Amino acid sequence: MTTDAAPARPGPSPVLALLAAAHGGPALAVTAVTALLAVRADLQPLDAVVVTGAVFTGQLTIGWGNDLRDLSRDRVVGRTDKPLATGALPVGWVVRAVVTAALACLVLSMLCGWRSALVNVVLGTGAGHVYNLGLKATSWSWVPYVSGFGTLPSIVTLAGPTPVWAPLWMIGAGAALGVGAHLLNALPDLADDARTGVRSLPHRLGGRRSRVLAAVLLPAASLLAVLGPAGTPSWWAGVSLAPVAVLAVFTLVARGRTPFRAALAIALLDVVLLVAG
């Protein structure tokens, strides 16, 4: 008597598993925003590559650090989308990846100048790790997003030949985008997080109020991107607010990760507007 066993389902490749554990989508989106900001700031090509790499490697450490910190929580709630929680990715690999990315982030940041390095390491990457290590579970969970997204433009402008802080309107737009993204990113995990003791701002506001607040903050960031730069906005800049409005509606009605992806799309669109302007 013979039995035909179903073939074992292959797991993700190590590279894809590492990218998933690093929250690859958001990390790549933030990296793309950095690259576009570097174009707008007229950085030399090498300087643009270095500052973009500094931000990218910092984002990798935040993503991997998040999954390492949440490993026990993810196992308790049965997160099948987390390679660390399912055992598809060895913990040791991620630890080594964090150390490598952290060293790369430090070296690349210093090549951008001490001002940009300080902002990136402390207010950008550092804020992400503060979120992972404690603020994520509190009502102050939004603060690292204000810090990380709000200072992102300055990481770029401080890396230029004449280091300057980004204008206030750009800092405000980044902060608004960051908080909006935070509110939407937490929505699919509200129930699972509550089971493991996480009570961040979105949990305290509730799903509906979080959506409404995000739907206000994201278009507000776009308005700052259109109205903030000196001079009269071009007609196409005003027209570009239409897709922002559509994406904001998605944040109100869509489910799953779609609202968060809509927030990232608004962020990319805003930076494209800045570069084109």
Side-chain angles (χ1 to χ4, degrees), residues 12 14-34 51-77 79-110 117-138 140-152 155 178-179 181-186 188-189 192-193 196-203 257 260 264:
V15 173
L16 291 179
L18 275 172
L19 188 61
H23 303 198
L28 291 174
V30 172
T31 302
V33 168
T34 306
V51 73
T52 301
V55 171
F56 175 59
T57 50
Q59 289 296 308
L60 290 179
T61 69
I62 294 171
W64 284 323
N66 181 274
D67 273 21
L68 285 170
R69 182 74 171 90
D70 288 350
L71 180 55
S72 59
R73 291 194 189 111
D74 291 338
R75 285 175 173 168
V76 166
V77 299
R79 291 290 295 269
T80 59
D81 59 328
K82 299 284 190 177
L84 273 175
T86 62
L89 185 64
V91 173
W93 287 23
V94 180
V95 172
R96 287 191 289 272
V98 169
V99 173
T100 303
L103 291 174
C105 178
L106 288 172
V107 172
L108 291 170
S109 295
M110 290 306 300
L118 189 63
V119 174
N120 185 33
V121 172
V122 177
L123 300 179
T125 303
H129 287 291
V130 169
Y131 173 84
N132 291 340
L133 294 174
L135 283 190
K136 174 181 179 177
T138 75
W140 296 96
S141 59
W142 55 276
V143 173
Y145 282 84
V146 169
S147 179
F149 280 77
T151 60
L152 183 60
I155 294 171
V179 177
H182 168 49
L183 294 169
L184 297 174
N185 188 40
D189 303 325
D192 287 346
D193 285 344
T196 55
V198 174
R199 290 283 295 165
S200 63
L201 178 64
H203 296 83
R257 297 291 175 187
F260 179 61
L264 294 179

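Just so it is clear, the model here is predicted, and its values are computed rather than measured.
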Reported CG-to-CG distance for the pair Leu19 and Leu28, which is rounded to 0.5 angstrom: 6.0 Å
For Val198 against Ala137, the heavy-atom pair lying closest together: CG1-CA, 3.9 Å
Full working for salt bridge (Lys or Arg N to Asp or Glu O under 4.0 Å) between Arg79 and Asp70: CA-CA 11 Å; Arg79 291 290 295 269; Asp70 288 350; over 6 Å; no
Asn132 versus Arg69, closest heavy-atom pair with distance: O-CG, 3.2 Å
Check: Thr151 side chain, Val119 main-chain N or O, donor-acceptor pair, under 3.5 Å: no
Taking every non-hydrogen atom, the tightest pair across Asn120 and Ala54: ND2-O, 3.5 Å
Euclidean distance, Ile155 CD1 relative to Leu152 CG, rounded to 0.5 Å: 5.5 Å
Over all atoms of both residues, closest heavy-atom pair of Thr125 and Gly58: OG1-CA, 3.5 Å
Asn66 side chain near Tyr131 side chain, heavy-atom distance below 4.5 Å: yes
Close side-chain approach of Trp142 and Leu183, heavy atoms under 4.5 Å: no
Test salt bridge (charged side-chain N to carboxylate O under 4.0 Å, His left out) applied to Arg257 - qualifying residues, sequence neighbours left out: Asp189
Heavy-atom pair of closest approach, residues Phe260 and Pro26: CE2-CG, 3.5 Å
Between OG1 on residue Thr31 and CD on residue Gln59, distance to nearest 0.5 Å: 6.5 Å
Side-chain atoms of residues 82-101: list all donor-acceptor pairs with protein atoms under 3.5 Å, sequence neighbours left out, distances to 0.1 Å.
from: Lys82; atom 1: NZ; to: His23; atom 2: NE2; distance (Å): 3.4
from: Lys82; atom 1: NZ; to: Asp67; atom 2: OD1; distance (Å): 3.1
from: Thr86; atom 1: OG1; to: Lys82; atom 2: O; distance (Å): 3.4
from: Thr86; atom 1: OG1; to: Pro83; atom 2: O; distance (Å): 3.2
from: Thr86; atom 1: OG1; to: Ala88; atom 2: N; distance (Å): 3.4
from: Thr100; atom 1: OG1; to: Arg96; atom 2: O; distance (Å): 2.9

Min side-chain heavy-atom separation Phe149-Val179 under 4.5 Å: no
Shortest non-hydrogen separation from Ser200 to Pro202 and the atoms involved: OG-CD, 3.1 Å
Rounded distance [0.5 Å steps], CG in Leu123 versus OG in Ser147: 4.5 Å
Leu201 side, atom CG; Thr138 side, atom OG1 - distance, nearest 0.5 Å: 9.0 Å
Ring geometry between His182 and Tyr145 (parallel below 30°, tilted from 30 to 60°, perpendicular above 60°): parallel
